[in-house]
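Some notes on the structure that comes next.
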2 protein chains.
Amino acid sequence: MFSKTCEYAIRAMIFIAQQSKDGSRVGIKDIAKGIDSPEHFIAKILQELGRKGVVQSLKGPTGGFYLDNSGRKTSLATIVKAVDGDDIFSGCGLGLKQCSDKHPCPLHHEFINIRKDITNMLNKTKVGDLQEELDKKLTFLRRD
Amino acid sequence: MFSKTCEYAIRAMIFIAQQSKDGSRVGIKDIAKGIDSPEHFIAKILQELGRKGVVQSLKGPTGGFYLDNSGRKTSLATIVKAVDGDDIFSGCGLGLKQCSDKHPCPLHHEFINIRKDITNMLNKTKVGDLQEELDKKLTFLRRD
DNA sequence: GAATTAAAAGACTTTTTTGTCTTTTAATAA
DNA sequence: TTATTAAAAGACAAAAAAGTCTTTTAATTC
């Protein structure tokens, strides 16, 4: 469904939301440990998200990654688009370039509702909401 | 959603259903042309599907790939499982190994209905049905 | 302002996926 | 039974995705 890169990105965003809700910042090492990902790899991903304004960061001592209140309202759709592009929102399920409502591939109609549901879900789900459930221990980002 | 390999596989299965409905067989070259795919690549994919009994084939002159009536009832789920495994049916949306109803990832609940819809759709959609729509020119496998 | 800390940048490697080519095997037709 | 046809098998190559490492830049603290 998502690329590995995108999975890490979503997990990292939720973790950062959680760790920075008191106004502090999280370092890349803690993020990597917290979401069980390769340190340098998630660093690269977050740099890209930073460039696109999806996550905030600050260098130097007491520096790290963080999300402000508006960042906590970021939808999953925003993250997925930034990382994987919008294939999942609009690409053809059978990989045809010419696929459209007027010139549909054999799976076009079967996909319409699924695609709509995925899009709705990604748009309405916000990083902050997921972080709150995590805080209540209703969901988990890793084993423990 | 699907791997490129799986996209080609589905397209090829529909094309084979169409071309072999009169009891004849289609050669790999015609398949490659008919679905706009690399010839040797789709050959390899169909060999694997042949090994798994998802498609029938015969060597020699008048040989080629074909589907009998029961093959025409093959669901997309069967093809997808044979090619991509069952990640799409049961894997965690965030790539967590430990994800389950009892120990859900942050997206687990959000994914349940989507996954169910995808599974239903893949189970109920049969190659033969898609081929019939194609015959009626209601859908397309390529440009023309 | 010098030392320290932590992210940014970017080169590099490994693995997986996708795609290509050649040889072998099996069926049919003459 | 020999020639021909077409799939099966498998080695190989290219491209993309995933992951690693080193150097540079920008903050903070002393």
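All chains are named by letter (A, B, ...) in the order of the sequence lines, taking the proteins before the strands, and each is independently numbered beginning at 1. These numbers come from a predicted model, not from an experiment.
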query: For A:Arg51, which contact category applies under a 4.0 Å heavy-atom criterion: base, sugar-phosphate, or nothing?
result: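 Sugar-phosphate contact only.
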query: Residues from residues 52-72 of chain A sitting under 4.0 Å of DNA chain D, heavy atoms only?
result: A:Lys59, A:Gly60, A:Pro61, A:Thr62
query: Which residues, if any, of residues 32-45 of chain B bring a heavy atom under 4.0 Å of DNA chain D?
result: none
message: In terms of relative ring orientation, are B:His103 and A:Phe140 parallel, tilted or perpendicular, with 30° and 60° separating the classes?
response: parallel
statement: Side-chain contact check for A:Lys4: nearest option of D:dG19, D:dA8, C:dT18 is D:dG19
message: B:Tyr8 and side chain to side chain contact (heavy atoms under 4.5 Å, CB included): which single residue from B:Val83, B:Leu46, B:Ile45 fits?
response: B:Ile45
query: Quick one: which of A:Thr74, A:Asn69, A:Asp68 gives a side chain to side chain donor-acceptor pair (under 3.5 Å) with A:Arg72?
result: A:Asn69
message: Tell me whether B:Glu7 is salt-bridged to B:Lys4, with the criterion being a basic N under 4.0 Å from an acidic carboxylate O.
response: yes
Salt bridge present between A:Glu48 and A:Lys44 (N-O < 4.0 angstrom):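 A salt bridge is absent here (no side-chain N lies under 4.0 Å from a carboxylate O).
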Value rounded to 0.5 Å, distance of CD1 in A:Ile35 from CD1 in A:Ile42: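 Rounded to the nearest 0.5 Å, the CD1-CD1 separation comes out at 4.0 Å.
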task: Provide, to the nearest angstrom, the distance between the CD atom belonging to A:Gln47 and the C1' atom belonging to D:dC21.
output: 13 Å
statement: In terms of heavy-atom contacts, A:Thr119 and A:Phe89 come closest through OG1-CD2, 3.6 Å
